Chemist: 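Structure provided below as structure tokens; questions to follow.
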Amino acid sequence: MADTTVPQSPITASPDVKHIEPSERPGAIGRRDFLLIATGAFAAVGVAGMLWPFIDQMNPDASALALASIDVDISTVEPGQALTIMWRGMPVFIRHRTEAEVAAAREVPVEELGDPLARNANLDPEAPATDENRAAADRPEWLIQVGVCTHLGCVPLGQQGDFGGWFCPCHGSHYDTAGRIRRGPAPQNLPIPPLAFISDTNIRIG
Ligand code: FES
């Protein structure tokens, strides 16, 4: 079969950055540090997703999803800030954690967690929910996770809640600085998507 790889341009913080105001949708990211890069992400995913069904008519949906990866430039995200991008129609939180946020997450015993599993697509499904298993490999300051509450699917608010991580206002779920559910009705930690650092300042998600 011919090579069907579609070149994808890295997503940068401009000119596709859009600030989202709280009034635009319930549970949206309203803090100044949270940016939504939607247009570029959709463009990169869309090209791959559109071409594949013509090549693989047997199972177009699964195949299109398998190709949907995006590259994100994180060079402008300072410690304490976060970026939100869209991937496969879902928000993905990319947080550059401070040393204090990492330390707070690492001092919590796994036995105290509501969900003991890391929920990290890059690890064994049974991997425990230590902060080491939640953070990006060998880059503890970076936490990248799907921003969809595991209760009923709202988008949690960043750098809020009782544990300084995320807070879902829909029904009051609190996630810590490792994205682990600590209080409220959500049953699971926020999921970590497949990801890899392709350079010091660029990550590939998907
Ligand atoms: Fe988040 Fe219910 S959807 S707490």
Side-chain angles (χ1 to χ4, degrees), residues 18-38 41-42 45 61 65 68 70 72 77 80-98 100-102 104-123 125-131 133-136 142-195 203 205-206:
K18 179 185 178 186
H19 288 277
I20 297 298
E21 299 300 329
S23 59
E24 292 188 20
R25 59 190 167 103
I29 299 91
R31 293 180 64 86
R32 186 172 48 193
D33 288 339
F34 285 71
L35 308 174
L36 176 63
I37 303 180
F42 279 127
V45 174
D61 291 338
L65 281 175
I70 56 174
V72 184
V77 186
Q81 294 184 328
L83 190 66
T84 298
I85 59 116
M86 295 300 293
W87 171 70
R88 297 186 182 176
M90 299 179 292
V92 172
F93 300 149
I94 301 170
R95 182 144 155 182
H96 192 172
R97 301 186 298 175
T98 63
E101 289 172 336
V102 174
R106 299 203 166 194
E107 70 182 16
V108 181
V110 172
E111 307 79 59
E112 293 184 9
L113 299 171
D115 178 8
L117 298 178
R119 309 288 174 187
N120 186 338
N122 306 281
L123 300 178
E126 298 302 315
T130 59
D131 185 68
N133 285 342
R134 297 278 304 166
W142 290 101
L143 182 71
I144 297 134
Q145 57 189 356
V146 174
V148 177
C149 182
T150 61
H151 182 222
L152 293 176
C154 287
V155 178
L157 303 172
Q159 292 163 311
Q160 295 190 32
D162 291 350
F163 301 90
W166 287 262
F167 173 64
C168 183
C170 293
H171 310 93
S173 287
H174 299 254
Y175 298 88
D176 66 13
T177 54
R180 300 171 298 199
I181 182 64
R182 300 292 299 279
R183 183 173 299 151
Q188 295 182 4
N189 304 322
L190 295 175
I192 309 291
L195 63 94
I203 56 174
I205 300 172

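For ligands, and for the atoms within them, numbers begin at 1 and follow the listed sequence. The structure presented is a predicted model; accordingly, all values stated were derived computationally and were not measured.
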Chemist: Nearest heavy-atom pair of L117 and N189: which atoms, and what distance?
Modeler: O-ND2, 2.7 Å
Chemist: Going by the rule salt bridge (charged side-chain N to carboxylate O under 4.0 Å, His left out), which residues pair with R183 if we only count those two or more places apart in sequence or in a different chain?
Modeler: D162
Chemist: Closer than 4.0 angstrom, basic N to acidic O: yes or no for D131 and R97?
Modeler: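 Looking at D131 and R97, the cut-off is met.
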Chemist: Does a side-chain heavy-atom distance below 4.5 Å link R182 with V108?
Modeler: yes
Chemist: Which protein N, O or S atoms does atom 2 (Fe) of ligand 1 have within a distance shorter than 2.8 Å?
Modeler: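 H151 ND1, H171 ND1, with waters left out.
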Chemist: What I want to check is whether the side chains of Q145 and R134 have a donor and an acceptor closer together than 3.5 Å.
Modeler: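 A donor-acceptor contact under 3.5 Å links the two side chains.
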Chemist: According to the interplanar angle, ranging from 0 to 90°, do the rings of F167 and H174 count as parallel (below 30°), tilted (30 to 60°) or perpendicular (above 60°)?
Modeler: tilted
